[in-house]
Protein chains: 2
Amino acid sequence: MTRRYSDILIYGASLALLLFLLKWFEVKFLLYSHSIEVMIGAVAVVFTVLGIWLSSKLTKPQIKTVVVEKEVIVEKGPEFIFNESAFLESGLTERELEVLTSMSLGLSNQEIADKLHLSVPTIKSHASNLFEKLDVKRRTQAVERGKYLKIIP
Amino acid sequence: MTRRYSDILIYGASLALLLFLLKWFEVKFLLYSHSIEVMIGAVAVVFTVLGIWLSSKLTKPQIKTVVVEKEVIVEKGPEFIFNESAFLESGLTERELEVLTSMSLGLSNQEIADKLHLSVPTIKSHASNLFEKLDVKRRTQAVERGKYLKIIP
DNA sequence: TCAAATATCATACTTAAGTAGGAAATTATG
DNA sequence: CATAATTTCCTACTTAAGTATGATATTTGA
C-alpha cells in the first residue's frame with residue numbers, strides 16, 4: 001500500500017520534470033522547427049509509457065496467486081474391530097476364542113483355568129483344538145494369527 | 001491472447017483518431033490562444049489515461065485469484081515406531097531384543113536358535129534375562145509387554 | 001428325537017519352556 | 001590396560017505346554 005503512494009509521488013515528480021523539459025524543448029528547439037505534431041507525438045508516447053508503468057505498478061500487488069492448502073489429517077486409530085467373518089471361517093468356538101484371548105494376555109493355562117473356572121486339562125484341550133483350527137503349533141503363534149485375523153485385540 | 005491484440009488495435013486506432021483531433025485543435029483553437037502548455041498537458045493526461053487503460057486491459061487476465069484447495073489425507077496407520085527411550089529404560093540388550101522379536105513371531109526356542117545361529121541354552125539364557133528385565137514370567141507376557149512399550153512391532 | 005457338535009474333565013505321556021549356577025570368550029569403556 | 005558388560009554355551013533341574021485318548025454331560029440342528 002505504501003508503495004502505491006510512493007509510486008504516485010514518483011509519477012507526479014516525473015510528470016513535473018517532463019513538463020519542465022518539454023517547456024525547455026518548446027522554446028529552444030520546437031519553435032524553430034515548428035514541428036508541434038512531433039512534439040505532441042513524443043509526449044503521447046512518453047505519457048502512454050508512463051501510464052502503462054503506473055498502472056502496472058498499481059495493479060501488480062493484485063496479480064497474486066492465493067493458494068489455500070487445506071490439510072485434513074484423518075487419524076486412523078488402531079482401534080480393534082472384531083472380524084466376524086474371519087472368526088466364522090476359522091471354525092473356532094466361543095470357548096476357544098475365550099481361551100485364545102486369555103492367551104494373548106499372557107496368561108498361563110493354570111491362570112486361564114482359574115479365570116474361566118475350569119480345570120487345566122480342559123484349557124489344554126481347548127488349546128490343542130484351537131491350535132489345529134488356526135493351523136499353528138504354539139500359543140505364541142496362535143496369538144499372532146488371532147491378531148492378524150482380527151479376532152482378538 | 002486474441003483480446004490483447006484487439007486491444008492494441010483499438011489503442012492504435014484511438015491514437016490515430018486523437019492525433020487527428022489534436023491536429024484539428026491545433027489549427028482551430030490552439031493557435032489563437034497560444035497555450036501550448038495546456039495542449040501538451042491535455043495530451044499528457046489523455047495518453048496517461050490511455051496507457052493505464054491499455055495496461056489494465058493487458059494485465060487483467062493475470063489478475064486472477066487461483067484458489068488451490070489441497071486436501072491431504074494423512075492416514076495415520078498402525079505403523080510401528082520404535083520407542084528408543086522405552087528400550088533404553090528397559091535395560092534390554094540388542095540380543096535380548098532380537099530374541100524377543102523372534103518370540104513375538106511365534107517362534108520356538110529351537111527355531112530362534114536356528115535363526116540366530118545360536119544354541120538353545122543361549123536362547124533360554126537370553127529369555128530368562130529379558131523376562132526379568134521386563135518383569136514378566138512367560139514369553140507371551142513378554143511379547144505383550146514389548147508391544148505395549150513399542151519396542152517390538 | 002437323535003446324531004453331531006460342543007464343553008467338560010481325566011490320565012498318561014512327550015516336548016518345550018523356564019530356572020539355577022557356572023564358565024569362557026568377546027566387546028565396550030573409563 | 002583392566003574391569004564391566006555382553007554374549008555365548010553348558011549341565012541339571014523344575015515346571016509349563018502340548019498331544020493322545022477317552023469319558024461324560026450339554027447343546028444344537030435336521
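Per chain, numbering begins at 1; letters A, B, ... match sequence-line order.
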Return the minimal non-hydrogen interatomic distance between B:S104 and B:T101, and the atom names on each side. OG-O, 2.5 Å
Is the shortest side-chain N/O distance from B:S119 to OP1 or OP2 of D:dC9 below 4.0 Å? yes
May I ask you to evaluate whether B:T122 reaches the phosphate of D:dC9, defined as a side-chain N or O under 4.0 Å from OP1 or OP2? yes
With a cut-off of less than 4.0 Å, is there a side-chain N or O of B:R138 near OP1 or OP2 of C:dG18? no
Closer than 4.0 Å, any side-chain N/O of A:T93 to the OP1 or OP2 of C:dA7? yes
Are OP1 or OP2 of D:dA16 and a side-chain N or O of A:N109 less than 4.0 angstrom apart? no
For A:R139 and D:dA17, is the shortest distance between a side-chain N/O and OP1 or OP2 below 4.0 Å? yes
Quick one: does A:D114's side chain get under 4.5 Å of A:L107's, heavy atoms only? no
Determine: side-chain N/O of B:H126 to OP1/OP2 of D:dT7, distance under 4.0 Å, yes or no. no
Rounded to whole Å, the NZ-P distance (A:K133 to C:dA5) equals 10 Å
Nearest-0.5 Å distance, CG of residue A:N109 to CE of residue A:M103: 5.5 Å
Let me know the distance between CD of A:E94 and C1' of D:dT27, rounded to the nearest Å. 14 Å
For D:dT6, does either OP1 or OP2 sit under 4.0 Å from a side-chain N or O belonging to B:R95? no
